[in-house]
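Every chain is numbered from 1, with letters handed out A, B, ... down the list of sequences.
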Amino acid sequence: MQRINKILTEQVQNIIKELYGADVPENQVQVNKTRKEFNGDFTIVVFPFLRFSKKSPEITAQEIGDALVKNMQDVEAYNVIKGFLNISLSDDYWKNFFNGIIGNDNYGFKEITENSNKIVIEYSSPNTNKPLHLGHIRNNLLGWSEAKIMEANGNKVIKVNLVNDRGIHICKSMLAWKELAGGKTPDDVKMKGDHFVGDYYVAFDKEYKKQIAELVANGMDEKEAKNEALWMKNARKMLQEWESGKPEVRNLWETMNNWVYAGFDETYKKLGVSFDKVYHESQTYLLGKDVILKALEDGKLQKREDGSIIIDLTKDGLDEKVLLRADGTALYMTQDIGTAILRYEDFNFNESAYVVGNEQDYHFKVLKIVLEKLGYVWAKNISHISYGMVELPDGKMKSREGTVVDADDLVDEMIKTAKQKSDELGKLESFSKEEKNEIFRKIALGALKYFILKVDAKKNMTFNPEESIDFNGNTGPFVQYTYVRIQSMLAKAKELGIKNIHKYNNSEKLEQTELSLLNLIYDFEDVIVEAGKRRNPSVIANYVFDLAKEFNRFYHEIPPILKEENKDLMKFRLSLSEKTAIIIKNALDLMGIEVPERM
RNA sequence: GGACCCGUAGCAUAACUGGAUAAUGCACUUGACUACGAAUCAAGCGAUUACAGGUUCGAAUCCUGUCGGGUUCACCA
C-alpha cells in the first residue's frame, strides 16, 4: 500500500500545476504530521508556494485544501491557520489502513534479499588490558542497535569486533603479573579474567610512577626518568620479544588474553550483544605494514630522513601523518589500514561502518583519505558512526584516576535496583526465583539501554552514578510496563472466551485518542527509515515512548475495553492494543531491549 | 595557536534538520485505584533557546563576531 504522505505530496504537486501552472520539486512540498494542539493529521506548509500563487498564504492554503478534498476521497476536511494547511483524513482511511496491516507483525520492516546492500559494522573494539566501562557500554549498545536498524531497513549486516590485543599496554599487564602475581590465575582468586588482568595494568602504573619518582629524587629530569624507569624498559623489551615471536612471551600473552576474553564474553552476554566475526590486530598489522611498504615503492608515500614513512595530507587540510615508525614497527593507523583491507577482501561490502567515539573523528577522516590515496575505490564507502563521550557530573571518566564506571558493576547494580523496586510493588509473588531473576534482568537492562540510547548518539551525555537510573517516566521500564499491561489485557480477553479479535466490523466514529494511536502506528515505518538515515537509535526511543504514552492515555480515557458491549468495537480496540504491543516489542528489539511477559 | 564539536526550565533530554504558542521526563504542588495492572493517568509550577548582530514571510536550527565547555592536531591506542 502506498504511503499517504507520499500520495499527498504528489497530489499537491499536481494541484499547484493545475492552479498556478508551476512545477514544484518534491522536496519543496513539506507534508508534516500535524502538531497535537491543532486539528488534523497532516500539515502542508504553503509558504513555499506563494511565489507561484501570488496570493496570500490563507487563500493559497484554501485553494489547495479545496482541491485536495475534491480530488482525494480519503481527505475529509481541512483547516487553515496562517500559512499552514491542516488536512484531516477520514475515519475510513484510518480503519482501512489498520485492516491492511492487522495481520502483519513486521509492519515497518523491509525484507532482506539476495540483492540487499551489504554493510559491515564494527563496534566494541576493546583493549585487552582492562575491563569494559560505561563508555564501552554506549559503544556496544549503539553498535548493536545500529545493526538492528540497518537490518530493519533491508540491509544485510555483518557485525564485527576488532580486538586490540597487541602493543605496549598489554606488555605492561604481563610484566606486572609476572613480577607480582606469584603464578596466580583468575580461577585461583575467583575473579573475572578481564578485571584480574586490569588490576595488574593498574599495578604496573603504580610501580612505574614510584620508579619515576625515585629517579627524579636522585636528580634525573622527569622526561628521562620516564624512559629510564626499569619497568618501562622491561615492558619495551617485552614488546620487542613479542614482535620477534619469543615463545615464552607469546605463551604468556596468549594465556592472559584468554583470561580477558573469557571476561569479555561474560560481559557481552550480559549486555546481549554478539558478533559475526572477531578480528585481532595481532593478525592484521602485518598486512598494513606490507601495504604501506608497497605504496612507498610505488611512490605514493614519502620516507623521512629518520626512516619513518609518512603521507602528506596538508593539501587536504590535514597534517603529515606517520604511517610506519622509524624502527619499522606498526602504529594504530597501520593496523587500521590493514584491517580495512582485510575486511573488504573478506566481505566485499557495499559499506563499512565504524562505531567509534568522536575523539577519533580525525583518525577516521585520515584513514579514509589515506585508503583513497592508496587507490582503494571502496574507501569512499567507509563511514564513521561517531558518538559522544559519557561524562560524569564532575567531568570525564579517567581510568588512571579511578573515576570509571565499570560495566559489570553498573549492570549488577541495575539488577539489584530492579529487584528492590519490584519487591516493593510485590506483583511477582507467584513466580519462581529463576523466573523472577530473568524478569529483573530484562527490566534492569531495559532501563540501562533505554537511558543510553534515548540520547542522540552524537551528543555527549552525562551520567550521574549517585542517582540510580530511573524506572518511571521516560524510561525503558515504562515502555515495558505498557507492553506487559497489554499482554495482561489480551490474556484476560482470552479467558473471557473472546476469539478472533481481528474479525470485526467497527462502524463507530473513532475517538480522538484512537486516531492518535493509529497515527503513531502509521509512523513506525517512517521512523525506522529515519533512524537508519540519521544513524541514530534515539529516533526509535523517542517514538516508542510517545507510542506507549499515547496507549496509556487511550487505556485511561476509553471505558474498560473488556466491558464494552458492542463486540465489534471491543475487538477493534483489542486489535489496536495488540498491534501497539507488537510495535512496542519490535521497536524495543531494535534497541536490543527485551520485553518481559509480566513485571 | 589551527581544525572539529557543543551551549535549550533546578537537572536530564526533544523539537520531523528553516515552520505554528519551544515539547517530554525527573524534582516540586494538587487530584484519580470497590471498572481491563497506579512502574499508570489528569492538572499546576518552571525558558529572553549563552550573548550581540545579520539573512528570511518565518531562526533553538543558517551566517558573522564574542563568551564558556569539550575533542583533536603523537613515531599512544
Problem - Inter-nucleotide P distance (B/A20, B/A38), Å rounded - result: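 It works out to 36 Å between them.
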Problem - Euclidean distance for C1', B/A14 against B/G25 (whole angstrom) - result: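 It works out to 10 Å between them.
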Which part of the nucleic acid, if any, lies within reach of [X] when heavy atoms closer than 4.0 Å are counted: base, sugar-phosphate only, or nothing?
{"X": "A/Asn86", "result": "base"}
{"X": "A/Phe478", "result": "sugar-phosphate"}
{"X": "A/Asp319", "result": "sugar-phosphate"}
{"X": "A/Tyr362", "result": "sugar-phosphate"}
{"X": "A/Arg51", "result": "nothing"}
{"X": "A/Gln480", "result": "nothing"}
{"X": "A/Asp456", "result": "sugar-phosphate"}
{"X": "A/Leu323", "result": "nothing"}
{"X": "A/Phe38", "result": "base"}
{"X": "A/Arg553", "result": "sugar-phosphate"}

Can you measure [X] atom [atom1] to [N] atom [atom2] for me and round it to whole angstrom units?
{"X": "A/Glu359", "N": "B/U71", "atom1": "CD", "atom2": "C1'", "result": "8 Å"}
{"X": "A/His384", "N": "B/U72", "atom1": "NE2", "atom2": "C1'", "result": "12 Å"}
{"X": "A/Gln360", "N": "B/C5", "atom1": "CD", "atom2": "P", "result": "18 Å"}
{"X": "A/Asn474", "N": "B/A27", "atom1": "CG", "atom2": "P", "result": "13 Å"}
{"X": "A/Asn460", "N": "B/G7", "atom1": "CG", "atom2": "C1'", "result": "11 Å"}

Handout entry: Base of B/A20 paired with side chain of A/Thr43 (donor-acceptor, under 3.5 Å)
Key =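 Flag set: donor-acceptor pair detected.
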Practice task
Indicate, yes or no, whether a donor-acceptor pair under 3.5 Å links the base of B/U40 to the side chain of A/Arg485.
Solution key: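 Absent.
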Problem - Minimum-distance nucleotide (side-chain atoms of A/Lys459 versus B/A20, B/G37, B/A14) - result: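 Of all the options, the side chain of A/Lys459 is nearest to B/A14.
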Exercise for the section: Measure from the side-chain heavy atoms of A/Phe545 and tell me the nearest of B/U24, B/A39, B/A35. Expected result: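 Looking only at side-chain atoms, A/Phe545 lies closest to B/U24.
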Handout entry: Distance test, side-chain N/O of A/Tyr481 to OP1/OP2 of B/A39, below 4.0 Å
Key =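 Yes, within the criterion.
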Handout entry: Spatial distance of atom OH (A/Tyr208) from atom NZ (A/Lys226) [nearest 0.5 Å]
Key =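 Reported value, rounded in 0.5 Å steps: 6.5 Å.
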